[in-house]
2 protein chains.
Amino acid sequence: MMSGASTVDAIRRVGLEMFARDGYEATTMRAIASEVGIQAGSLYNHFASKEEILWDLTRGALMQLTSRIRESMETLAVDADARDQLSAFVDAHVRFHALNSDQASIVNRQMAGLSATHYRQAVSLRATFETQLGDILRNGDASGEFHVIDLRMSVIAILQMCISVSTWYRADGKLSPDEICAVYVQLSQRMVGFDQRALMASGPRKGVSQR
Amino acid sequence: MMSGASTVDAIRRVGLEMFARDGYEATTMRAIASEVGIQAGSLYNHFASKEEILWDLTRGALMQLTSRIRESMETLAVDADARDQLSAFVDAHVRFHALNSDQASIVNRQMAGLSATHYRQAVSLRATFETQLGDILRNGDASGEFHVIDLRMSVIAILQMCISVSTWYRADGKLSPDEICAVYVQLSQRMVGFDQRALMASGPRKGVSQR
DNA sequence: GTCTATATATCGATAGAC
DNA sequence: GTCTATCGATATATAGAC
């Protein structure tokens, strides 16, 4: 038991880590309890079932990501163009998946452990991201800023690209979240057909990074 | 038991389907045996353990994908440019992940069930795809065909984009594999900074698809 | 709210008859 | 090679003392 942290928060913290690392089915209530420092039966004073822990973590991760995206979009001016909107969206998405790889694993890999009802709710929450990005791309294409090849496939491809950062980013690696976000923002702009040559002409183009 | 198919092949077929749909840990040997039409104990006449089934399927999927990519690359002329190489690679990757979503699930989501030794072997096999695509991008950047922003991130982003097709493609959907591959090839060309304007100028540009 | 003890079920894997 | 029967371990979840 940790001082200064409630038992329920300790269960959340341990469950998140173990579900992400070992998978939901491979993680046992006994293992969670042991890491928290209590007996397995005591877990049921805080969560009705193992699935309730997963649902709590899934819902929390999705709401955290929702908040980060909303905060990032709110920094934009009301008349921001589609390019700025896309940048804010991709930046928030990449940053979240880099800095919260455990939450990313829960949402992207462990959702099969949810009950049918909770699974539907999670998919519904996740679909809002696709809708948001789809709106940005549609507006950008309509205004002539973008030249989208296919709306739905572009949306999924960009989202999946952002999500994949969670599989390789390491806090002790050579690249900072800022640097990574900058690259993915550029990639997303290319994918939607935003013409960057005007920007490139304003400064010397850097060589390809060969880390 | 199916006539014309050996028991071991039936186990492979059923295991692939159940591992992909329910996950490795959530799939029981009894469930596999039941679907095959034999008793659970009889499975051990064909595989030493549950993990051996997963490893057989993982290895098979990775080798199938390897073959598809090699076949696609071999259709190219010996002096094919980087753009054609990228197209052949992406086409094969997207096509495989669309038409073999179960194999894709095994390789991309169920590998945590493998033993440490088998896991390392699978990761090693999978790394060859990254190396191949990395070579194509590096050569294309060196020759001036591409303008790669960051080699490693571009490789991962493109691969993950191709893989994601397995999560939404349906054989009874509106899009054929050919149409999907065409879109993803274009997306990949944009991501590596291949200039398409010369091609676009040769014909009227189509509006964005709003399916 | 945590403990000990346990109910109830199911798991992967094995043994030996046929 | 498949069957029946079962081993030994472990799973989630519960009951009741403190």
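Letters A, B, ... are given to chains in the order of the sequence lines, protein chains preceding strands, and every chain is numbered from 1.
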Check the distance between D:dT10's P and A:K50's NZ and give it to me in whole angstrom. 15 Å
Figure out the CD1/P separation between A:I38 and C:dC3, and round it to whole Å. 6 Å
Return the value, rounded to whole Å, for the distance between atom NE2 of B:H46 and atom P of C:dA13. 15 Å
Nearest-angstrom distance from the residue atom CE of B:M29 to P of D:dG8: 20 Å
Whole angstroms only, please: what is the CG-P distance between B:L43 and C:dT14? 13 Å
Residues 52-59 of chain A, side-chain donor-acceptor partners within the protein, below 3.5 Å, at least two apart:
from, atom 1, to, atom 2, distance (Å)
A:W55, NE1, A:H118, NE2, 3.4
A:D56, OD1, A:R12, NE, 2.7
A:D56, OD2, A:R12, NE, 3.4
A:D56, OD2, A:R12, NH2, 3.3
A:T58, OG1, A:L54, O, 2.7

Is the distance from OP1 or OP2 of D:dT14 to the nearest side-chain N or O of A:Y44 less than 4.0 Å? no
Between B:S166 and B:Q103, do the side chains contain a donor N or O and an acceptor N or O under 3.5 Å apart? no
Tell me, please, which residues at least two apart from A:D178 pass side chain to side chain donor-acceptor pair (under 3.5 Å). A:R95
Has B:S42 got a side-chain N or O lying under 4.0 Å from the OP1 or OP2 atom of D:dC3? yes
How many Å lie between CD on A:Q39 and P on C:dA5, as a whole number? 10 Å
Ignoring the backbone of A:S49, work out which of D:dA13, D:dG1, D:dT4 is nearest its side chain. D:dA13
Do the ring centers of A:H93 and A:F129 come within less than 6.0 Å of each other? yes
Roughly how many Å is it from CD1 in A:I11 to P in D:dA13, rounded to a whole number? 13 Å
If each of A:A40 and A:T28 is mapped to the nucleotide of DNA chain D with the nearest heavy atom, which maps nearer the 5' terminus, i.e. the 5' end? A:T28
